[in-house]
J.: 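Below is one structure. I have some questions about it.
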Amino acid sequence: MEKEIKIMVLIIGAGPAGLATSACLNRLNIPNIVVERDDCSASLWRRRSYDRLKLHLAKQFCQLPHMPFPSNAPTFVSKLGFINYLDEYATRFNVTPRYNRNVKSAYFKDGQWIVKVVNKTTALIEVYSAKYMVAATGENGEGVIPEIPGLVESFQGEYLHSSEYKNGEKFTGKDVLVVGCGNSGMEIAYDLSKCNAKVSIVVRSPVHVMTRWIVRIGMSLLRFFPVKLVDRLCLLLAELRFGNTSRYGLVRPKNGPFMNKLITGRSPTIDVGCVGEIKSGKIRVVPSIKRTEVKRVEFVDGNTKNVDSIVFATGYKSSVTKWLKVDDGDLFNENGMPKHEFPDHWKGKNGLYSVGFGRQGLAGISRDAPNVARDIASLKPAESDKLASAESKIQEEHLSEATTSTSSSMQTAAPPPIKLLEDVIPPQEQDSF
Ligand SMILES: Cc1cc2nc3c(=O)[nH]c(=O)nc-3n(C[C@H](O)[C@H](O)[C@H](O)COP(=O)(O)OP(=O)(O)OC[C@H]3O[C@@H](n4cnc5c(N)ncnc54)[C@H](O)[C@@H]3O)c2cc1C
Ligand SMILES: NC(=O)C1=CN([C@@H]2O[C@H](COP(=O)(O)OP(=O)(O)OC[C@H]3O[C@@H](n4cnc5c(N)ncnc54)[C@H](OP(=O)(O)O)[C@@H]3O)[C@@H](O)[C@H]2O)C=CC1
Ligand SMILES: O=C(O)C(=O)Cc1c[nH]c2ccccc12
């Protein structure tokens, strides 16, 4: 039997974006529920990332709204440190997602979002109706493995997506091909090499290789100087650090690293040691795969190579269109990404919002979440108050697991939307150089 649950705001996804949105709403006493398909929050970080992962950006660019990292936290927080931070964040702001809830469909009808959710524990369908809906399912909803002739049909080696890779233990002595030279590919290739796998990496297009310190300097300077100037400085520093990498197969894009991020959304690749392994010849750079055979790959230049395993670090795609029709709410395009350019990417029609789709990583989430909460707070406050008190009763009856905010007062004045990082992070918490 279908259960119907009424709530003012339904947030889909309990990654950093969903947690941040719920926290911001709770601070404004706006009733909300977070539904999450997995059995934990931040499952990308807990379940779908490799062991040696650390935040590439300094901690002040990775904190969620209203809770800076402690001053004794390392500048570059580890995966476990970040997970602990998220757990503390959820506790502090009373965010209690409803786990094992997979959203299957959402549509707008008679002024409400009707959201059908499979409860994986009971196998029942739950129907939520919400005045506002926040998509927080992430830009990394699902891993992408390209279609390569022979791969599914006849390749006898192992192949996996980078989100399934944990560490190099079982690859020692094996021939491993890593496809992709983004942050995942370059780090996994290095990890494999350190475990004495025989590693090759497919680099099919230009890439900006930087260090985390160069990016940190660049990000700090971007507050004061134009992108082009910051890019020139970063390129100079990168040249000093790496020399000319094009002779190793790592050609730089025409635009500088931050301009490229703005135009294409692709972040520069932070080197964690892979470039050294490439220069020393331990890791080989190879072109794209043309097709695979039983235990071999053929590259587009006609060369072939025996491989035991292939790690596809070929990126992700949004999974929004699996449960939301493109035209509903006028917010997403057919790729499940924002229709409108940053900074107008987070608000759609009929009470639909998104958090975490601005291609700005965690810093983007820290801008989107307060904007969404303030916008909702500014809409029809009187009606919201009535709903709030009705919902707190419903929640007592039905939703012992859900996030509840039972206070009746709501903040009604909405400050202007946050557009810049410095609106989120007080200057004294930013590093100076
Ligand atoms: C390996 C890796 C490292 C990264 N490192 C950094 C970094 O150092 N700094 C930085 O700024 N950014 C980084 N990023 C970018 C990254 O996108 C963010 O860090 C962050 O996790 C995004 O948060 P999110 O909540 O938007 O999405 P996610 O973390 O992906 O969370 C989305 C949640 O929605 C849930 N969900 C999806 N579909 C459904 C559904 N149908 N029903 C219910 N729930 C659903 C998922 O299970 C998931 O828990 C990294 C990304 C990756 C892949
Ligand atoms: N510690 C951290 O902060 C980390 C952050 N991340 C972030 O997570 C997100 C995802 O990163 P990542 O997983 O690296 O994915 P990306 O999308 O950033 O990179 C994918 C890579 O795969 C290549 N590729 C895609 N398809 C093919 C193909 N068919 N043949 C050859 N190459 C192909 C792309 O090349 P092309 O350019 O030609 O498309 C690109 O080099 C990014 O935002 C990244 O910054 C990831 C890991 C660590
Ligand atoms: O994960 C992303 O793509 C981000 O936006 C954050 C990020 C991770 N590594 C980076 C390197 C340079 C600029 C942003 C990032």
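Just follow the structure's listing: the first ligand is 1, and inside any ligand the first atom is 1.
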J.: Quick test: of every protein heavy atom, which one is nearest to atom 14 (O) of ligand 2, and how far off is it to 0.1 Å?
T.: Ser184 N, 2.9 Å

J.: In ligand 1, which numbered atoms sit nearer than 4.0 Å to a non-hydrogen atom of Asn140?
T.: 16 (C), 17 (O), 51 (C), 53 (C)

J.: In terms of the angle between their ring planes, are Tyr132 and Tyr353 parallel, tilted or perpendicular, with boundaries placed at 30° and 60°?
T.: tilted

J.: Pull out every atom of ligand 1 sitting under 4.0 Å from any heavy atom of Ala17, numbered as shown with elements.
T.: 24 (P), 25 (O), 26 (O)

J.: Could a heavy atom of Arg101 be found less than 4.0 Å from some atom of ligand 1?
T.: yes

J.: Against heavy atoms of Val215, which atoms of ligand 3 measure under 4.0 Å?
T.: 12 (C)

J.: Identify, for atom 48 (C) of ligand 1, the protein heavy atom at the shortest distance, and state residue, atom and that distance.
T.: Glu36 OE1, 3.5 Å

J.: Would you mind running through ligand 2 and noting each atom that sits below 4.0 Å from a heavy atom of Val179?
T.: 30 (N), 31 (C), 32 (N)

J.: So, regarding Val202 and ligand 2 (criterion: nitrogen or oxygen to nitrogen or oxygen, under 3.5 Å), is there a contact or not?
T.: no

J.: Show the atoms of ligand 1 that are less than 4.0 angstrom away from any heavy atom in Gly138.
T.: 26 (O), 27 (O)

J.: Could you tell me which atoms of ligand 2, counted from 1 in the order shown, lie closer than 4.0 angstrom to a heavy atom of Tyr50?
T.: 47 (C), 48 (C)

J.: Heavy atoms only, cut-off 4.0 Å: how does Glu139 contact ligand 2, side chain, backbone, both, or neither?
T.: neither

J.: In sequence, state the C-alpha distance, the side-chain angles, and the governing distance for Arg359 and Thr264, and then conclude on side chain to side chain donor-acceptor pair (under 3.5 Å).
T.: CA-CA 9 Å; Arg359 303 196 297 192; Thr264 66; over 6 Å; no

J.: Quick one: look up the protein heavy atom nearest atom 7 (C) of ligand 1 and list residue, atom name and how far away it is.
T.: Leu55 CD2, 3.9 Å

J.: Mark up the atoms of ligand 1 that fall under 4.0 Å of a heavy atom belonging to Gly361, in ascending order.
T.: 11 (O), 12 (N)

J.: Nearest protein heavy atom to atom 40 (C) of ligand 1, by residue and atom, and its distance?
T.: Asn102 OD1, 3.6 Å

J.: Could you find the nearest protein heavy atom to atom 38 (O) of ligand 2 and give me its residue, atom name and distance?
T.: Ser205 OG, 2.1 Å

J.: Between Arg47 and Asp38, does at least one N-O distance fall below 4.0 Å, as a salt bridge requires?
T.: no

J.: Got the closest protein heavy atom to atom 34 (O) of ligand 1, with its distance?
T.: Gly13 CA, 3.3 Å

J.: Side-chain donor-acceptor pair under 3.5 Å between Arg252 and Thr245, yes or no?
T.: no

J.: Using distance alone, with no hydrogens and no angle criterion, decide if Asn183 and His56 have a side-chain donor and acceptor under 3.5 Å apart.
T.: yes

J.: Looking at Lys279, I want to see if its NZ is surrounded by more than 12 non-hydrogen atoms of other residues, nucleotides or ligands under 6.0 Å.
T.: yes

J.: Counting only heavy atoms, which portion of Ser267 has something under 4.0 Å from ligand 3: side chain, backbone, both, or neither?
T.: side chain

J.: Check ligand 2 against Pro146 and write out every atom of the ligand that is under 4.0 Å from a heavy-atom position of the residue.
T.: 29 (N)

J.: For ligand 2 and Asn140, I'd like to know whether there is a polar contact (N/O to N/O, distance under 3.5 Å).
T.: no

J.: Show which atoms of ligand 2 fall inside a sub-4.0 Å distance from at least one heavy-atom site of Tyr316.
T.: 10 (C), 13 (O)

J.: Using a plain distance cutoff, I'd like to know if Arg359 has any nitrogen or oxygen under 3.5 Å from a nitrogen or oxygen of ligand 3.
T.: no

J.: Could you find the nearest protein heavy atom to atom 22 (C) of ligand 1 and give me its residue, atom name and distance?
T.: Ile365 CD1, 3.8 Å

J.: Would you confirm whether any non-hydrogen atom of the protein falls under 4.0 Å from atom 42 (C) of ligand 2?
T.: no

J.: For atom 46 (C) of ligand 1, is the nearest protein heavy atom under 4.0 Å away?
T.: yes

J.: Identify the closest protein heavy atom to atom 9 (N) of ligand 3: which residue and atom is it, and at what distance?
T.: His56 CB, 3.6 Å

J.: Students often mix this up, so state it plainly: with edges at 30° and 60°, are the rings of Phe342 and His345 parallel, tilted or perpendicular?
T.: parallel

J.: When you measure from atom 28 (C) of ligand 2 to each heavy atom in Glu187, Arg204, Lys79, which option holds the nearest one?
T.: Arg204

J.: Report, in ascending order of atom number, the atoms of ligand 2 lying under 4.0 Å from any heavy atom of Ser267.
T.: 45 (O)

J.: Which atoms of ligand 3 have any heavy atom of Lys261 under 4.0 Å away?
T.: 3 (O), 4 (C), 5 (O)

J.: Should Asn183 be counted as touching ligand 2, given the test is an N or O pair under 3.5 Å?
T.: yes

J.: Among all protein non-hydrogen atoms, which one is nearest to atom 24 (N) of ligand 2, and what is the separation to 0.1 Å?
T.: Thr314 CG2, 3.7 Å

J.: For ligand 1, which atoms have a heavy atom of Val103 less than 4.0 angstrom away?
T.: 40 (C), 41 (N), 42 (N), 43 (C)

J.: Can you tell me which residue and heavy atom of the protein come closest to atom 20 (C) of ligand 2, and the distance to 0.1 Å?
T.: Ala313 O, 3.4 Å

J.: Just need the protein heavy atom nearest to atom 18 (C) of ligand 1, so name the residue and atom and give the distance.
T.: Leu362 CD2, 4.0 Å

J.: Please list the nearest protein heavy atom to atom 21 (O) of ligand 1 with its residue and the distance rounded to 0.1 Å.
T.: Trp45 NE1, 2.9 Å

J.: Where is the tightest heavy-atom contact between Ala238 and Val209, given as atom of each residue plus distance?
T.: CB-O, 4.1 Å

J.: Please identify which atoms of ligand 2 are closer than 4.0 Å to at least one heavy atom of Gly315.
T.: 15 (O), 17 (O), 20 (C)

J.: At less than 4.0 angstrom from any non-hydrogen atom of Gln360, what atoms of ligand 3 do you find?
T.: 5 (O)

J.: Angle class for the Tyr316/His161 ring planes (parallel below 30°, perpendicular above 60°, tilted otherwise)?
T.: perpendicular

J.: Just jot down the ligand 1 atoms closer than 4.0 angstrom to any heavy atom of Asp38, in number order.
T.: 47 (O)

J.: Using only heavy-atom distances, determine whether the side chains of Asn94 and Asn26 contain a donor-acceptor pair under 3.5 Å.
T.: no

J.: Looking only at protein heavy atoms, which one is nearest to atom 44 (N) of ligand 1, and what is the separation?
T.: Arg37 N, 3.1 Å

J.: Does ligand 2 come near enough to Lys54 that some N or O of the ligand is less than 3.5 Å from an N or O of the residue?
T.: yes

